[in-house]
Amino acid sequence: MPPTWDSIDLGFNDLDGDAPEEQMGSKDKWWIRLDGDDRPWLVKIARTDSRDGTVSGEDWAEWIVQHLAAILGVPAATIRPATFDGDRAIMSRSVLKDANESLSHGNEVLGGRFPDYDQSVKGENPGYTVEAVRESLHDVQAPSDAPELVHFSGFDAFAGYLLLDAWVSGRDRHHENWGVIQRGSERRLAPSFDHGNALGFQLRDPKRKRILDDPDHLQRWLERGASQHFVGRPGLVVLAHQALDLTSPFAREYWLRRLAELDESAVEDAVTSVPLAIMSEVSRRFIARLLNENRRRLLNGHSVS
């Protein structure tokens with residue numbers, strides 16, 4: 001069944017009063033509670049251009065990537081569309097199941113393995129490499145709510161996250177945009193989260209049209225898609241292949257096969273689930289081309305037996 005865009009109206013009365021210090025110190029992110037749900041949700045407001053009132057597509061990008069992750073087999077945070085005090089937003093359900101679990105973000109995980117790792121860097125980090133991530137996840141298992149990954153290491157699963165990023169042109173896999181969940185002595189990779197910076201969410205429709213009208217322009221735009229955080233700022237496709245080359249052979253085959261054999265009708269349903277009032281028809285066409293081309297680029301020269 002195609003996903004349903006079911007937006008929920010929220011306001012300041014819905015804030016989680018039990019955790020005021022958790023409100024991120026930001027005017028556009030808040031923790032809230034929903035009746036009947038034992039986990040909190042993080043509400044994130046889609047940015048608005050103060051010059052002309054245009055709302056960016058962070059909300060629909062995060063919504064779509066959630067469903068694309070499921071199609072690819074990547075465990076990801078649960079997302080719901082919302083409005084908050086009248087503004088477009090999304091809600092991301094906490095990846096922690098209860099108070100017995102704690103989350104360490106990637107910079108903490110890397111810092112725990114490499115004492116000299118600079119956890120405070122916000123842009124390109126000279127210590128942030130695929131090899132360092134693999135080493136820092138040496139004793140970490142795959143996410144617990146992904147039974148198909150039961151034989152994967154934490155890094156085997158993480159390589160799938162980078163494959164997802166490359167497929168959706170997601171450029172924001174910085175060292176605080178992944179983490180490890182600890183429950184007792186057990187350490188597992190957290191589901192992937194925070195996917196709003198993807199699918200060309202920030203473009204305006206006139207530029208999307210120009211790119212669609214010129215195949216060479218599209219290829220140039222896609223090839224400029226690079227990590228702003230890993231050392232050397234590698235292209236997203238290059239980064240994904242670097243990670244896959246460091247996984248177990250079984251995991252590499254698994255991820256490439258999932259990408260090669262994905263359900264194209266389910267992909268289309270994920271994109272078209274967003275109402276046209278929220279995301280334009282040209283945005284839909286642009287995303288469809290983006291996903292097709294990035295899939296081709298990722299599979300080019302990499303056979304699946």
I want to check something: taking the side chain as every heavy atom from C-beta on, are [X] and [Y] in contact at a cut-off of under 4.5 Å?
X    : Y    : answer
S92  : T78  : no
E268 : E264 : no
R233 : Q228 : yes
H175 : N125 : yes
W255 : V74  : yes
I181 : P191 : yes
R252 : D245 : yes
R297 : E223 : yes

Could you check whether any side-chain N or O of [X] sits under 3.5 Å from a backbone N or O of [Y], counting only pairs where one atom can act as donor and the other as acceptor?
X    : Y    : result
R80  : S7   : no
R284 : V274 : yes
R208 : I287 : no
D156 : S248 : yes
T129 : A132 : yes
D269 : P2   : no
E108 : H105 : yes

For a quick test of reading the model, state the closest non-hydrogen atom pair linking [X] to [Y] and the distance between them.
X    : Y    : result
L72  : G160 : CD2-O, 4.4 Å
G200 : L290 : N-CD1, 4.3 Å
R113 : P115 : O-CD, 3.6 Å
L299 : A260 : CD1-CA, 3.7 Å
M91  : A82  : CG-CB, 3.8 Å

Yes or no on salt bridge (Lys or Arg N to Asp or Glu O under 4.0 Å) for R93 and D37, after CA distance, side-chain angles and deciding distance?
CA-CA 10 Å; R93 193 173 186 235; D37 194 332; 3.0 Å; yes
Hydrophobic clustering (ILVMFWY, side-chain heavy atoms < 4.5 Å, transitive) - are [Y] and [X] grouped together?
X    : Y    : answer
W221 : L212 : yes
V140 : L103 : no
F152 : V133 : yes
V180 : L96  : no
L236 : L256 : no

Just do the salt bridge (Lys or Arg N to Asp or Glu O under 4.0 Å) check on R51 and D49 with the steps written out, would you?
CA-CA 5 Å; R51 295 169 298 178; D49 190 325; 2.6 Å; yes
Gap separating the [atom1] atom of [X] from the [atom2] atom of [Y], nearest 0.5 angstrom:
X    : Y    : atom1 : atom2 : answer
F286 : L218 : CZ    : CG    : 6.5 Å
E101 : Q182 : CD    : CD    : 10.0 Å
L110 : D116 : CG    : CG    : 12.5 Å
T247 : Q242 : OG1   : CD    : 12.5 Å
S283 : K209 : OG    : NZ    : 10.0 Å
D172 : W178 : CG    : CH2   : 14.5 Å

Carefully, step by step, assess E135 and L137 under the rule side chain to side chain contact (heavy atoms under 4.5 Å, CB included).
CA-CA 5 Å; E135 184 66 21; L137 295 176; over 6 Å; no
Take F12 and W30, measure what ring pair (Phe, Tyr, Trp, His ring centres under 6.0 Å) needs, and give me the verdict at the end.
CA-CA 9 Å; F12 288 99; W30 296 276; 5.4 Å; yes
Looking at [Y] and [X], is any side-chain nitrogen of the basic one under 4.0 Å from a carboxylate oxygen of the acidic one?
X    : Y    : result
D194 : K44  : yes
R210 : D213 : no
E176 : K122 : yes

Step-by-step side chain to side chain contact (heavy atoms under 4.5 Å, CB included) determination, L34 to I8
CA-CA 10 Å; L34 294 182; I8 182 172; 3.9 Å; yes
Partners passing ring pair (Phe, Tyr, Trp, His ring centres under 6.0 Å) against W63 (at least two apart in sequence or in another chain)
W5, H67
With E293, which residues qualify under salt bridge (Lys or Arg N to Asp or Glu O under 4.0 Å), at least two apart?
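Residues passing salt bridge (Lys or Arg N to Asp or Glu O under 4.0 Å) with E293: R296.
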Apply the test side chain to side chain contact (heavy atoms under 4.5 Å, CB included) to residues S144 and R188: give CA-CA distance (whole Å), side-chain angles for both, the deciding distance (0.1 Å), then the verdict.
CA-CA 7 Å; S144 60; R188 292 186 176 273; 3.5 Å; yes
Side-chain donor-acceptor pair under 3.5 Å between [X] and [Y], yes or no?
X    : Y    : answer
H174 : Y128 : no
T4   : D6   : no
D87  : T48  : no

Using a 4.5 Å cut-off between side-chain heavy atoms of Ile, Leu, Val, Met, Phe, Trp and Tyr, which other residues end up in the same hydrophobic cluster as I90?
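When side chains under 4.5 Å apart are linked, the cluster holding I90 also contains I79.
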Those residues that, when tested against A243, pass side-chain contact (heavy atoms from CB on, under 4.5 Å) (two or more places apart):
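A243 satisfies side-chain contact (heavy atoms from CB on, under 4.5 Å) with V130, F155, A159, L162 once adjacent residues are dropped.
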Just do the ring pair (Phe, Tyr, Trp, His ring centres under 6.0 Å) check on F201 and W60 with the steps written out, would you?
CA-CA 8 Å; F201 80 98; W60 52 251; 7.7 Å; no
According to side chain to side chain donor-acceptor pair (under 3.5 Å), does anything in residues 160-171 pair up with another residue at least two apart or in another chain? List the pairs.
D165-R173, S169-N294
Mind running salt bridge (Lys or Arg N to Asp or Glu O under 4.0 Å) on E58 and R88 for me, showing each step along the way?
CA-CA 9 Å; E58 289 162 296; R88 275 173 40 190; over 6 Å; no
Could you check R39 against D98 for salt bridge (Lys or Arg N to Asp or Glu O under 4.0 Å), going step by step and ending with a plain yes or no?
CA-CA 7 Å; R39 297 196 211 179; D98 54 46; over 6 Å; no
Apply the test side chain to side chain contact (heavy atoms under 4.5 Å, CB included) to residues I211 and L203: give CA-CA distance (whole Å), side-chain angles for both, the deciding distance (0.1 Å), then the verdict.
CA-CA 10 Å; I211 293 174; L203 298 177; 4.1 Å; yes
Only counting residues at least two apart or in another chain, list the ones meeting side-chain hydrogen bond (donor to acceptor under 3.5 Å, both in side chains) with E131.
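For E131, no residue satisfies side-chain hydrogen bond (donor to acceptor under 3.5 Å, both in side chains) once neighbours in sequence are set aside.
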